[in-house]
Student: 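Pasting in a structure now, in structure tokens, and then I'll have a few things to ask.
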Amino acid sequence: ALALYLYLQRGGVLKYFIAGISLGIGFIFKYVVLFDGVAFGLFLLWEAYKGKMEWKSAWSKSLIMALGAALPFVGVYLYYLSMGQVESFWFHTFTVSGRYPSTEGILHYFAFPLEFVLRFLPIFILATLALRDKNVFREQGQFVLLWFILVLIVILLPGNPFGHYFVQLM
């Protein structure tokens with residue numbers, strides 16, 4: 001939430017750096033936060049492509065945010081390194097999330113995104129209407145759509161259709 005707030009403030013480089021740090025802290029707890037940061041950075045580049053921002057500014061803000069996001073991760077890595085537990089760090093950070101057992105068939109995997117729509121139908125309808133309105137949320141609508149797609153990818157990537165993954169979409 002802090003990263004999104006700072007990102008939407010569109011301030012100086014320091015705000016993007018602090019937003020990156022908060023994303024990095026979130027990444028330590030749940031790797032899906034990485035895709036939030038990717039959405040933020042890609043949208044900055046999209047704005048440069050559309051001519052609403054200079055390329056240099058978009059790249060510098062994206063890279064500063066990425067640097068801020070890397071710092072907490074590097075700090076935790078160095079802590080585990082100092083204890084001689086790099087293998088444990090790697091396992092708990094990257095490996096264990098892909099090893100959750102899934103008893104669902106392939107059909108359920110494809111129906112999983114539809115479950116989100118049905119579970120949050122009133123919110124989904126209102127959000128869809130807001131994104132379609134050209135007077136409301138024009139710029140933000142593009143950002144929300146990009147962010148939604150990236151989060152949906154990270155939710156589907158492990159292949160485990162757990163209902164609590166939808167929290168990231170909300």
Side-chain angles (χ1 to χ4, degrees), residues 1-77 93-94 97-98 109-110 112-159 161-162 164-170:
L2 175 63
L4 178 61
Y5 173 76
L6 292 171
Y7 178 81
L8 293 176
Q9 293 298 307
R10 300 302 174 112
V13 174
L14 181 61
K15 285 188 179 181
Y16 288 92
F17 183 70
I18 296 170
I21 289 173
S22 73
L23 288 168
I25 292 169
F27 176 78
I28 290 169
F29 293 100
K30 201 76 170 154
Y31 72 93
V32 296
V33 174
L34 174 68
F35 283 70
D36 296 340
V38 170
F40 294 173
L42 284 177
F43 193 71
L44 286 171
L45 297 177
W46 174 253
E47 286 189 323
Y49 174 76
K50 299 284 270 181
K52 297 180 180 164
M53 178 185 293
E54 292 184 25
W55 280 101
K56 181 180 176 184
S57 176
W59 276 107
S60 66
K61 289 175 180 178
S62 296
L63 292 174
I64 286 292
M65 196 166 38
L67 175 66
L71 288 180
F73 179 78
V74 169
V76 171
Y77 172 79
T93 304
F94 298 108
S97 62
Y109 179 77
F110 288 111
F112 183 58
L114 297 176
E115 185 180 337
F116 168 78
V117 173
L118 294 175
R119 186 176 288 191
F120 301 104
L121 190 59
I123 296 170
F124 183 80
I125 290 171
L126 291 174
T128 302
L129 290 173
L131 289 174
R132 293 189 66 204
D133 188 345
K134 293 184 180 183
N135 297 322
V136 180
F137 303 124
R138 177 103 179 148
E139 297 292 318
Q140 293 87 349
Q142 294 172 351
F143 171 65
V144 168
L145 189 59
L146 171 66
W147 195 2
F148 185 86
I149 290 169
L150 287 171
V151 170
L152 192 58
I153 289 170
V154 77
I155 287 172
L156 296 174
L157 198 60
F162 298 129
H164 69 277
Y165 286 0
F166 292 127
V167 171
Q168 188 73 7
L169 285 173
M170 294 307 292

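Everything quoted here is computed from the prediction, not taken from an experiment.
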Student: Rounded to the nearest 0.5 Å, what separates atom CG in L63 from atom CG in L67?
Tutor: 9.0 Å
Student: Roughly how far, to the nearest 0.5 Å, is OG of S22 from CG of L6?
Tutor: 6.5 Å
Student: For S57, what residues pass the side chain to side chain contact (heavy atoms under 4.5 Å, CB included) criterion, not counting sequence neighbours?
Tutor: M53, E54, K61
Student: Assess the residue pair L45 and W55 against the criterion (side chain to side chain contact (heavy atoms under 4.5 Å, CB included)); give the C-alpha distance rounded to whole Å, side-chain angles, the decisive distance to 0.1 Å, and a yes or no.
Tutor: CA-CA 7 Å; L45 297 177; W55 280 101; 4.2 Å; yes
Student: Output the distance between atom CZ (F43) and atom CG (L150), rounded to the nearest 0.5 Å.
Tutor: 12.5 Å
Student: Can you tell me how far the OG atom of S62 sits from the OH atom of Y16, to the nearest 0.5 Å?
Tutor: 8.5 Å
Student: To check you understand the geometry: which heavy-atom pair defines the closest contact between G68 and F17, and what is its length?
Tutor: CA-CE1, 3.7 Å
Student: Do you know which two heavy atoms are closest between L146 and A39, and how far apart they sit?
Tutor: CD2-O, 3.7 Å
Student: To the nearest 0.5 Å, how far apart are OG1 in T93 and CZ in F73?
Tutor: 6.0 Å
Student: Kindly compute the distance separating CG (L71) from CG (L23), expressed to the nearest 0.5 Å.
Tutor: 12.5 Å
